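The first residue in the sequence is number 1, and the count goes up from there. On a predicted model such as this, the values are computed, not experimentally measured, just so you know.
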Amino acid sequence: MLDLGALAFPPLSSTRERVLDVTIAKAVAAPPAATPARQRWIDDDRVLRSSPTMPAIERYEGVLYDGLGAASLDPSARAWVDHHVLIGSALWGFVRASDRIPSYRCSSSDLKGPLRGAWSDAGALLADETVVDLRSKAYVHVAPVPGAIAVDVVGEDGAALNHWNKHAKGALVRRMAEAGLAASGAHGLAAWAADRGIRLRAIADDRLELTATAAGLG
């Protein structure tokens, strides 16, 4: 069962309560969905406060999480992920990889009306940290993090990638976890990557460029 008090970043609790209330009310009032999948999303949101939870890094799915492959990390690398990886969320603001959360359906596009700007100040909690920001532009807009290091993913030709963008970001986190990487600025990260055959280039103090292909990072 959800325990909001156990999630990282307690200052976000009041906003989490507000977004939860709106999300649950919206689901309760929703008419039957057109597809079983969409109905499951509605059903999940109706019981957010009482449904089973699991670590966030196991709850979320998608290409980025496939690239990370958290389930196959050794214990020390998994511990690194649990301690260092934060996940941006329309429902929770930010959670640690180890925070236990239920299944839900609330995306950045749902933050409108009474929820517009709900997380606009959440990133201030990370202002004194070294943050490598791998979020999509939509989620960066939801909760900007002052001083975060952005990562652009490009192919061999220097053009921005689509599908492999997310997979490469997950693979980069995996390599960081396996190395037990300590906090470092953009130039330090680029030097660390170069020693491992990862094409990660510092193009500014707050921006990195990662070259990747379907074959991986090397």
Side-chain angles (χ1 to χ4, degrees), residues 7-9 54-89 92-101 122-123 125-140 143-156 160-218:
L7 299 182
F9 309 111
M54 65 171 62
I57 200 64
E58 298 172 18
R59 172 66 69 192
Y60 293 107
E61 299 176 341
V63 177
L64 187 149
Y65 296 96
D66 291 343
L68 169 58
S72 63
L73 290 171
D74 66 35
S76 62
R78 175 58 187 264
W80 187 96
V81 167
D82 287 345
H83 183 71
H84 289 88
V85 172
L86 304 179
I87 301 169
S89 164
W92 318 113
F94 292 101
V95 290
R96 291 201 181 278
S98 56
D99 282 347
R100 299 188 66 88
I101 58 173
L125 295 172
L126 304 172
D128 296 327
E129 305 288 338
T130 299
V131 176
V132 180
D133 198 340
L134 302 175
R135 295 175 298 167
S136 66
K137 289 181 180 179
Y139 279 91
V140 170
V145 176
I149 301 168
V151 179
D152 301 321
V153 183
V154 300
E156 297 279 6
L161 293 181
N162 245 331
H163 174 86
W164 295 111
N165 175 319
K166 294 180 179 181
H167 193 276
K169 288 176 176 178
L172 179 62
V173 175
R174 183 181 182 92
R175 296 290 291 273
M176 289 176 171
E178 290 171 339
L181 186 65
S184 180
H187 296 278
L189 285 166
W192 165 83
D195 289 342
R196 288 158 177 79
I198 301 171
R199 290 174 289 178
L200 185 68
R201 181 170 67 97
I203 56 178
D205 289 343
D206 62 352
R207 187 165 293 274
L208 292 159
E209 183 181 84
L210 175 65
T211 299
T213 68
L217 302 181

Chemist: Verify the neighbour count for atom NE2 of His83: are there more than 12 heavy atoms of other residues, nucleotides or ligands below 6.0 Å?
Modeler: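 It does not: His83 NE2 has 12 such atoms or fewer within range.
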Chemist: Indicate yes or no for a side-chain donor-acceptor contact from Arg135 to the backbone of Ala143 under 3.5 Å, with no hydrogens or angles considered.
Modeler: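 Yes; at least one donor-acceptor contact below 3.5 Å.
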Chemist: Could you tell me if the side chain of Leu86 sits less than 4.5 Å from the side chain of Leu126, heavy atoms only?
Modeler: yes
Chemist: Under the side chain to side chain contact (heavy atoms under 4.5 Å, CB included) test against Arg207, which residue among Ile149, Asp133, Asp152 passes?
Modeler: Asp152
Chemist: What distance separates Leu210 CG from Lys169 NZ, expressed to the nearest 0.5 Å?
Modeler: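 Interatomic distance, Leu210 CG to Lys169 NZ, rounded to 0.5 Å: 9.0 Å.
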Chemist: Rounded to the nearest 0.5 Å, how far does OG1 of Thr211 lie from CG of Leu200?
Modeler: 8.5 Å
Chemist: Kindly check if the number of other-residue, nucleotide or ligand heavy atoms within 6.0 Å of CG (Asp74) is above 12?
Modeler: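 More than 12 heavy atoms, drawn from other residues, nucleotides or ligands, come within 6.0 Å of this atom.
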Chemist: Tell me if a side-chain donor or acceptor on Trp80 pairs with a main-chain N or O of Leu181 at a distance below 3.5 Å.
Modeler: yes
Chemist: Which heavy atom in Ala204 sits nearest to a heavy atom in Ala186, and how many Å separate them?
Modeler: O-CB, 3.6 Å
Chemist: Taking all non-hydrogen atoms of both residues, which atom of Arg174 and which atom of Leu68 are closest, and how far apart?
Modeler: NH1-O, 2.9 Å
Chemist: To the nearest 0.5 Å, what is the distance between CD1 on Ile87 and CD1 on Ile101?
Modeler: 6.5 Å
Chemist: Side-chain contact, heavy-atom cut-off 4.5 Å: Leu172 with Val153?
Modeler: no
Chemist: Does the Asp99 side chain pair with the main chain of Arg96, one donor and one acceptor, at a distance under 3.5 Å?
Modeler: yes
Chemist: When you measure from the side chain of Arg196 to the backbone of Arg175, do you find a donor-acceptor pair of N or O atoms at a distance under 3.5 Å?
Modeler: no
Chemist: Angle class for the Phe9/Phe94 ring planes (parallel below 30°, perpendicular above 60°, tilted otherwise)?
Modeler: perpendicular
Chemist: Please work out whether the ring planes of His167 and Trp164 are parallel, tilted or perpendicular, with thresholds of 30° and 60°.
Modeler: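 Rings of His167 and Trp164: perpendicular, as their planes differ by over 60°.
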Chemist: Per the salt bridge (charged side-chain N to carboxylate O under 4.0 Å, His left out) rule, what does the pair list look like for residues 77-87, sequence neighbours excluded?
Modeler: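 Listed once each, the pairs are Glu58-Arg78, Arg78-Asp82.
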Chemist: So, do Val173 and His84 sit near enough that their side-chain heavy atoms are less than 4.5 Å apart?
Modeler: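 When only atoms from C-beta onward are counted, His84 and Val173 do not touch, as no gap falls below 4.5 Å.
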